[in-house]
Amino acid sequence: MPLQILIISDNESFTTYLGELLQRAGHLTRCVAQEKEAFPAIRRQKPDLIILALEASKIASLAIEHRVQTPSGPRSVPVIVISECLRLEAELLQVFDFIGKPLDVKRLLDDVNAVALRNGVPPQDQELDGRLAAAFSRHILSHSGLHFDRRNQPALTRGLLKRMAALRLTDFKEYLQYLKEHGEDRHELQKLLQFLTVGETYFYRYPAHFDVLKERFAGLPASGAPIRVWSAGCSTGEEPYSIAMALMEALPDWRERDIRIIATDINNRSLKRAREGVYSPWSMRITTPEQCARYFRRVGESFLIRDEVKQLVQFSHLNLSVPCRETVCDELRDLDAIFCRNVLIYFTPETAAGMLERFTAALQPAGLLFLGHSETLLQRGLDLELRRKERSFYYVKSGSAAAPGATPPPPPPQVADDGDALTDEQRRLAAAWLSEQKPWQGDDEPRPAESADSADSPGLPSPRPSPVGRGREPQPPPDSEGAPKAPARSEAPPHAPAPEDDLLQAARELFDREEFDPALEILELLLRRTPDLPDALVLKGFILAGKGALEQALATSERVLALNDLLPEGYFLKGVLLDAADRLDEAAREYRKALLLDHDFIMPRFHMGRLHLRQGRIAEGTREIRNSIRILSRCGDHETVPFSGGLTRAVCMLQLQNTLARVA
């Protein structure tokens, strides 16, 4: 079947070559040379396939899921990227295919034929039967060490459906065959793994951990003793490079010392990017200007790690779940510290317990172990002592003195060893423990306790009420100067938060860190106690939407608005869900309701602007984007934008400006 193919390329000779190649294969082609012409061309021409062959810096903004409105309804347009910038492949996981240069002509023509045959995308709510789930689990386990049993089958299903949607495969059995055939030559296994694990990271994530590391080594007498730190599950390198920077700050004579950070990961493509040491502003979102200047070199929009930092880090491939037989394993002993954060959650309890035993054995006395905030209850009967530093946690191998500035917290609740599932009482104790400890949010100082009508926590700490609506009043419309009038505030005396408030705050903090499963556990516990709590239901709705349970999330949004029809987040949640279902006019109405209630709520305004642009209403879209920039300019660079997926003000501003630049 001949396809209508839109070629977007800034290389005239390559465009001509591609056009002739595809026309000989029986397809119709049109070409666009300028980036800003791309979106209008997609809306106007309604292609069956888009081929991007642009300068690397221009690809990411265009390599998104494009949808066009046709007489038979909305249709998703697949995208093929052709580029010599191979590191982009690991980032562009939603495109149909990424082909490096020099061009593999057979692969391109095979892709085009596959697009012609694959007419749809899989429903994101379809079930994976137990037999196929076991087949996928065996294949992934044998090639990666990650284990997906019945308990975490929903996470496996979500990851499979995302890759199937990119490839336009609608049958799990067909995708399993594709995975087996192209796991290596097209890096399909690595692409799938990036959906099965949370690879999101950034420099100095959980800053208190690096403060502890610096305190441990600050003022260390000059000696010949080597310093060894292991970053286990290093992803794309932000963590081990942050460790190196912390040691450089703690030790003025670091050049004269024997320092090595051993960084390991199972994902070879992540390791490649880590060795390259090239990062976007997204990875720098809590890095200070002084740290940027000292440890990075700015080239355009990219940040390059300086060689003096790189030389302290050694990257190696390692599967944590199996006995250590790699060459690097000889170095994993007598370690001063181990960072293994947000990694153990991807393994069975038995495997995780074995890994913790190996970590403990690999530490020297007084060695430090840093886990993720959602992993603080994993330590069971090991030779480790829990320590608290401000709003974060870490472990010290027993027999050591407490680290400077650290105070031991109350003992955590004990989790029974028999069986995987936790009882309701154990979940309640775990949630209470987590909320009591107040995990780190990125501030330098602990925040004071807030009253029910205080400013944002954990979102934008601006004059507007909390983005998650704790008893908030609707915002009045703007005055004649364009600024929103301040709502009247009650003078109620401060009071101690109820246990429900503590649990809700803990869930919010986990939600903002994108640790959705532990957040959902706390929300479910809270909703068993108080079923009609709108703020908890809003967070649950967003998590359900992220898991692909769109109908359930939509029902949750309706319930929220039935309980509180003045809650802007409820209308925003409903708008996002309608938007995802291509019910664009209905989505726009919900976004408008959210903005009528809260004029300064950034995300519905941003979504409204993008919705206008998708529908070709350029003037309305640019107006909303400009208004978003104006509102966002009042906030500090490192403040988090509520419901943005953890974006800081600086990164969100960059996205808004890039969006505006493409259409202005």
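Source: prediction; values computed, not measured. Values below: all heavy atoms of this structure, side chains included; hydrogens, waters and symmetry mates excluded.
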I need the [X] [atom1] to [Y] [atom2] distance, nearest 0.5 Å.
X: Asp265; Y: Ser270; atom1: CG; atom2: OG; answer: 5.5 Å
X: Leu368; Y: Tyr395; atom1: CG; atom2: OH; answer: 13.0 Å
X: Ile305; Y: Glu276; atom1: CD1; atom2: CD; answer: 12.5 Å
X: Ile243; Y: Leu213; atom1: CD1; atom2: CG; answer: 7.0 Å
X: Phe203; Y: Tyr295; atom1: CZ; atom2: OH; answer: 12.0 Å
X: Leu93; Y: Lys162; atom1: CG; atom2: NZ; answer: 10.0 Å

Discussion item. Could you check, using the six-membered ring where one of them is a Trp, whether Phe339 and Phe210 have ring centers closer than 6.0 angstrom?
Written reply: yes
Worksheet item: Does the pair Tyr206 and Asp211 meet the rule for a side chain to side chain contact (heavy atoms under 4.5 Å, CB included), with working shown?
Response: CA-CA 9 Å; Tyr206 305 154; Asp211 289 342; over 6 Å; no
So do the side chains of [X] and [Y] get within less than 4.5 Å of each other, counting heavy atoms only?
X: Lys191; Y: Glu89; value: yes
X: Val396; Y: Leu363; value: no
X: Asp307; Y: Lys310; value: yes
X: Leu523; Y: Ile543; value: yes
X: Ile286; Y: Arg205; value: no
X: Val229; Y: Ile338; value: no
X: Leu247; Y: Phe217; value: yes
X: Gln364; Y: Leu335; value: no

Worksheet, complete the sentence: By side chain to side chain contact (heavy atoms under 4.5 Å, CB included), Ala274 pairs with (sequence neighbours left out) Phe315
Item to complete: Would you sort out whether Tyr279 and Phe303 count as a ring-ring contact (aromatic ring centres under 6.0 Å, His included), showing the intermediate values?
Response: CA-CA 5 Å; Tyr279 298 95; Phe303 293 83; 9.2 Å; no
Can you give me the closest heavy-atom contact between [X] and [Y], atom names plus distance?
X: Glu249; Y: Arg294; value: CG-NH1, 3.8 Å
X: Ala553; Y: Leu573; value: O-CD2, 4.5 Å
X: Arg285; Y: Thr201; value: NH1-O, 4.3 Å
X: Ala244; Y: Val309; value: CB-CG1, 3.9 Å
X: Ile266; Y: His317; value: O-NE2, 3.1 Å
X: Phe370; Y: Ala337; value: CE1-CB, 4.3 Å

Worksheet item: What's the verdict on side chain to side chain contact (heavy atoms under 4.5 Å, CB included) for Leu503 and Arg529, showing C-alpha distance, side-chain angles and the deciding distance?
Response: CA-CA 11 Å; Leu503 291 176; Arg529 295 181 180 180; 3.5 Å; yes
Discussion item. With a 4.0 Å cut-off on N to O distance, would you call Lys397 and Glu385 a salt bridge?
Written reply: no
Does any N or O in the side chain of [X] come within less than 3.5 Å of the main-chain N or O of [Y], such that one atom is a donor and the other an acceptor?
X: Arg508; Y: Leu539; answer: no
X: Glu524; Y: Glu521; answer: no
X: Tyr204; Y: Met284; answer: no

Discussion item. The test is side chain to side chain donor-acceptor pair (under 3.5 Å); show your working for Thr360 and Asp383 and say whether it passes.
Written reply: CA-CA 7 Å; Thr360 305; Asp383 191 23; over 6 Å; no
Fill in: Polar contact flag, side-chain donor to acceptor under 3.5 angstrom, Ser283-Glu238
yes
Item to complete: For Glu239 and Ser231, run side chain to side chain donor-acceptor pair (under 3.5 Å): C-alpha distance rounded to whole Å, both residues' side-chain angles, the deciding distance at 0.1 Å, then the answer.
Response: CA-CA 7 Å; Glu239 178 179 89; Ser231 171; 2.6 Å; yes
Worksheet entry | Intermediate values then yes/no, side chain to side chain contact (heavy atoms under 4.5 Å, CB included), Leu192 and Ile140 | CA-CA 10 Å; Leu192 175 61; Ile140 294 168; 4.1 Å; yes
Practice prompt. Could you tell me which residues satisfy side-chain hydrogen bond (donor to acceptor under 3.5 Å, both in side chains) with Gln311, sequence neighbours excluded, listed by chain and number?
Written response: none
Item to complete: Could you walk me through whether Thr327 and Ser316 pass side chain to side chain contact (heavy atoms under 4.5 Å, CB included), step by step?
Response: CA-CA 9 Å; Thr327 303; Ser316 301; over 6 Å; no
Practice prompt. Pick out which of Lys389, Lys214, Arg341 makes a side chain to side chain donor-acceptor pair (under 3.5 Å) with His209.
Written response: Arg341
Worksheet item: Do the ring planes of Phe542 and Phe572 sit parallel (below 30°), tilted (30 to 60°) or perpendicular (above 60°)?
Response: tilted
Fill in: Within 6.0 Å of CZ in Arg297, more than 12 heavy atoms from elsewhere
no
Discussion item. Out of the candidates Leu382, Leu384, Leu369, only one should pair with Phe359 under the side chain to side chain contact (heavy atoms under 4.5 Å, CB included) rule; please name it.
Written reply: Leu369
Item to complete: With Trp230 as reference, evaluate Val328, Asp336, Leu318 under the side chain to side chain contact (heavy atoms under 4.5 Å, CB included) test and give the passing residue.
Response: Leu318
Scan the side chains in residues 255-263 for donor-acceptor partners under 3.5 Å anywhere in the protein, sequence neighbours excluded, and list what turns up.
unit_1	atom_1	unit_2	atom_2	d
Arg255	NH2	Glu308	OE1	3.1
Arg257	NE	Asp253	OD1	2.9
Arg257	NE	Asp253	OD2	3.3
Arg257	NH2	Leu220	O	2.8
Arg257	NH2	Pro221	O	3.3
Arg257	NH2	Asp253	OD2	3.4
Asp258	OD1	Arg228	NH1	3.2
Asp258	OD1	Arg228	NH2	3.2
Asp258	OD2	Arg228	NH2	3.0
Arg260	NH1	Glu331	OE1	2.5

